[in-house]
Trainee: 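Encoded as structure tokens, here's the structure I'll be asking about.
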Amino acid sequence: MTLLHRLYLIFSTVAVISNNPVHTIKIVKIGALFDNEYSEAEIAFRFAVNRFNMFNKDYTLKPEVRYVPETDGFKTGQIVCEMVESGLSAIFGPVSSKTNDIVQSIAETLEIPQFQTFWNHKLQKSATSTESTAFNLFPDPKLYSMALATLLKEMRWKSYTIVYESDEGLVRLQDILKLHRSDDVPVRVRKLTPGNDHRTLLKEIKASSELQIILDCEAGHILDILQQAQEVNLMDEYYSYILTSLDAHTLDFHSVRTTQANITTLRLIDPNTKYIRNAVRDWEQGYKRGSHLRPEKVLTRTALLYDAVNFFSTVYKELDATESIHASPLSCSNPLPSQHGIRLSSYLKLSLLHNGTLAIPLSGPIVLDSSGRRKSFDLQIVELSGDGVRKTGTWNSDRPHLINFTFTQQERQLEIVQQLSQKVFRVTSRLGAPYVMWRQPKTGKRFHGNDRFEGHSMDLIAGIAEILNFTYKFELVPDNNYGSYNPKTNEWNGLIRHLLDRKADLALCDLTITYERRRAVDFTMPFMTLGITILYSKAVKPPPELFSFMQPLSFDIWLYMATAYLGISIIIFVTARLAPGDWENPHPCNENPEELENIWDIKNCLWLTLGSLMAQGCDILPKGISTRMVAGMWWFFSLIMCASYTANLAAFLTMERMGPTIENAEDLAKQTKIKYGSVLGGATGSFFRDSNFSTYQRMWTQMEASEPSVFEKTNKEGVKRVKTSKRLYAFLMESSSIEYEMERDCELMQVGGWLDSKGYGIAMPIPPTARPSAEPSLRCRRMGSCTNSRRNGGEKCTVEENARL
């Protein structure tokens, strides 16, 4: 290059400098407080500051970073007082709520904006100034509590146990506690004991048979508690957990992933967005090479601290452009407020951050209320799965009572079907025709497993298993009871108890869906609709007997009549022999016969009395006065006996043709001769016991007061009692069971219509695991492939009746 060219360049440079004044960069000092344990938060903070300084030529953020002890508020206050003497425009932190009170107090006294990134329900307007200078980017506590309550309602938990670590947890769960009504199942609230061993508390929860647990504790304690829960068998497929920590999704659940418990939590930060992934990549490359930071491990407070720098720098630039902001040194000993704090704080509350100096906020748009709380945000509902965590829904603070699920009902159903194919269901039932019966043995063949049973329930579960492609193991409940609740012991028996004790996955038989049972277990839609009605025996016409004409009078009367017949005949014979008027001339033409004749021998006497008794008269009659007096008395006796016999015979024939003496439940309630009852501890008895209808109340009172007891252990025993009681006992049972018995025994009949309407359903524990829905069972009913109701002679009576016709 020639000397001329060099001189030209020098003069050109001087000319440019002389025409452009020197560019000044404004230094903005900010303070940050960290705990040594949260180095990730410091990385995010420093990266946010450097990124802002890199792309802004007019401003430079100069951080004053200090490390404070987590629990020493006095020392923390001293450190903050030293920091404000350098002239801070804002304070970020601390990361822990334990030392926040002193920091917030100093910041509000000196009117310096302070940014918080943790849950703080005590945030409110300052008592020393008109405007609060504290800002919390964590979701507003009240809105977050509403989100948890909405999640609980959407999950339809009927009963649950709340396990909390600190008293702040109860504040966080206040909206959940408000959901509970006085008539709901009691909610158990348990506080974690001090220390790291919580097995005693978890065993008590296990003993209470509670299946749904809300766990409120620090994220760092969750895995330890779940591992201990696994040790006491609180992590199988029947248990469900809601974790209230927004950092629960960052935990490594590999230690408890082998369990089948349902774990649900919420998160504010979506690690799958490109903004999180880009930020984490930049943090790792710029400050922590080899640290292997991952987006799914980013803590909520880390992302919020990054957003706080973004929010502050954006608002500061906008406000400084209208009027310059100067942060002067302050002193805790002479607490004069700053000149910029109130102005900057007011503008922060009016601002809406969608896209700031550091791009889009990692936690979503930021909007604050007048108290500095975050009032607009989205939360994601996530569940623990085999591959980690997956998003299942979203909650928005603008619609706090609604959750938008990302899984459709069809996708959920498909997932359940896939889970069913990998599970062996334990199906429990009880013996009772026609639903479950022992299979009749065949010659040279023994049945094992499910083949030992037959009946409607077996057909139904086999059809459902074929449609949904799962396997099952059928077993009987030991006490053979349906399931009734004992208010004195607060315990269930029968099938319901078997489900509550996790000894079975499904209960299938003629199990009626009642309100009381639905509070303890869950049911599918009814696979059969029926009602309570009355089983009674038919009036059986006795076969004709040879001496049936004698039945109107008792044997003693017939014996007395025979004795009187013989006695009167002998008296007439003797009297006729003694009475002169009964001796006659055998030859009327001979006026003076040598011998007289008496016709009243023993044969004629018997004939006279017999003719009188039969009301037919006789061709010979006595002539003597004494004989006629005896005959007259016999005739009067015969008149009375004939009239009595005729009346009794008419009544006897009338009673023989009479039908049932009851036509409905009203007839039963009005009389006391025919006793009636039901299965002891069954849904039929509960219906009468809990009914508000006066007739049914009167019937229940009568059943309870009857001696001997009118209740039977099973339907089979009740049917037997109806057949052997000679129409003096009626049995109340479900219409479907009555139809079954009537088809097999022609002596039985149904009286009246349904007293109620209810259904049989498949019962399962709450919350249900992967389980068959009611749709396959209803499909089986429509197709007729799941049941053979006329098994083992079910058409007997129908065939006989048709034959008679």
Side-chain angles (χ1 to χ4, degrees), residues 537-662 671-675 723-729 747 804:
S537 59
K538 293 181 179 178
V540 180
K541 184 178 181 180
E545 298 180 5
L546 180 63
F547 297 100
S548 59
F549 65 89
M550 300 181 65
Q551 292 182 359
L553 301 178
S554 66
F555 176 77
D556 293 341
I557 294 178
W558 286 112
L559 182 63
Y560 295 153
M561 287 182 62
T563 302
Y565 167 70
L566 293 175
I568 289 297
S569 298
I570 294 173
I571 291 175
I572 293 177
F573 173 76
V574 174
T575 305
R577 291 291 177 180
L578 298 177
D582 288 315
W583 291 92
E584 298 179 352
N585 184 3
H587 304 284
C589 296
N590 186 3
E591 296 181 354
N592 297 308
E594 296 180 358
E595 296 181 354
L596 295 177
E597 181 182 42
N598 195 318
I599 62 175
W600 296 106
D601 55 11
I602 193 65
K603 180 177 65 174
N604 287 338
C605 290
L606 292 173
W607 179 252
L608 173 66
T609 54
L610 179 63
S612 303
L613 190 61
M614 296 298 179
Q616 297 298 321
C618 183
D619 54 347
I620 56 176
L621 295 173
K623 296 180 180 179
I625 296 176
S626 58
T627 310
R628 288 185 176 182
M629 290 179 61
V630 172
M633 290 186 293
W634 174 248
W635 290 345
F636 182 76
F637 171 78
S638 298
L639 175 65
I640 298 301
M641 291 305 301
C642 287
S644 300
Y645 178 80
T646 304
N648 286 347
L649 180 63
F652 174 77
L653 295 177
T654 302
M655 290 293 295
E656 193 177 48
R657 292 186 177 91
M658 288 182 63
T661 56
I662 54 173
Q671 55 82 48
T672 57
K673 182 178 181 180
I674 301 175
K675 303 297 182 181
K723 294 167 61 177
T724 58
S725 64
K726 297 181 179 180
R727 294 173 59 81
L728 295 178
Y729 181 77
E747 297 179 3
R804 288 196 299 269

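Because the structure is a prediction, the values reported are computed rather than measured.
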Trainee: How about T575 and S626: does a side-chain donor come under 3.5 Å of a side-chain acceptor?
Mentor: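 No donor-acceptor contact under 3.5 Å links the two side chains.
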
Trainee: If we only count heavy atoms from C-beta on, is the L608 to W634 side-chain gap below 4.5 Å?
Mentor: no

Trainee: SG/C605 to CD1/I620 distance, rounded to the nearest 0.5 angstrom?
Mentor: 8.0 Å

Trainee: For A631 versus P622, what's the shortest heavy-atom pair and its separation?
Mentor: CB-CG, 4.0 Å

Trainee: Let me confirm one number: the CG-CD distance from N648 to Q551, rounded to the nearest 0.5 Å.
Mentor: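 Spacing of CG (N648) from CD (Q551) equals 12.0 Å.
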
Trainee: For M550, look at atom CE and say whether over 12 heavy atoms of other residues, nucleotides or ligands are found less than 6.0 Å away.
Mentor: yes

Trainee: Give the minimum heavy-atom separation between K623 and E584, together with the two atoms involved.
Mentor: NZ-OE2, 2.5 Å

Trainee: CG/D582 to CD1/I625 distance, rounded to the nearest 0.5 angstrom?
Mentor: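 Reported value, rounded in 0.5 Å steps: 10.5 Å.
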
Trainee: Please examine the side chains of K675 and L728, heavy atoms only from C-beta on, and report whether any two atoms are closer than 4.5 Å.
Mentor: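 The answer is no, as the side chains (C-beta and beyond) never meet within the 4.5 Å cut-off.
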
Trainee: Do I557 and M641 make a side-chain contact, defined as non-hydrogen atoms from C-beta onward lying under 4.5 Å apart?
Mentor: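 Touching, per the 4.5 Å side-chain cut-off.
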
Trainee: Quick one: closest heavy-atom pair of Y565 and L610, and the distance?
Mentor: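 For Y565 and L610, the tightest heavy-atom pair comes out as CE1-N, 3.5 Å.
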
Trainee: Contact between S537 and R727 at the side-chain level, heavy atoms closer than 4.5 Å - yes or no?
Mentor: yes

Trainee: Quick check for you: to the nearest 0.5 Å, what is the distance between I572 atom CD1 and L606 atom CG?
Mentor: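 Going from CD1 on I572 over to CG on L606, the span is 9.5 Å.
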
Trainee: Surrounding CH2 of W583 (heavy atoms of other residues, nucleotides or ligands, distance under 6.0 Å), is the total greater than 12?
Mentor: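 Counting neighbours around CH2 of W583, more than 12 heavy atoms of other residues, nucleotides or ligands fall under 6.0 Å, so yes.
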
Trainee: What class does the angle between the rings of Y645 and W558 fall in, given that below 30° is parallel, 30 to 60° is tilted and above 60° is perpendicular?
Mentor: perpendicular

Trainee: Where do I674 and Y729 come nearest, in terms of heavy atoms and distance?
Mentor: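 In this case the closest contact between I674 and Y729 is CG2-N, 3.9 Å.
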
Trainee: Out of curiosity, C642 SG to L649 CG, how far, rounded to the nearest 0.5 Å?
Mentor: 12.0 Å

Trainee: Could you tell me the separation between the CD atom of E595 and the CG atom of N585, rounded to the nearest 0.5 Å?
Mentor: 11.0 Å

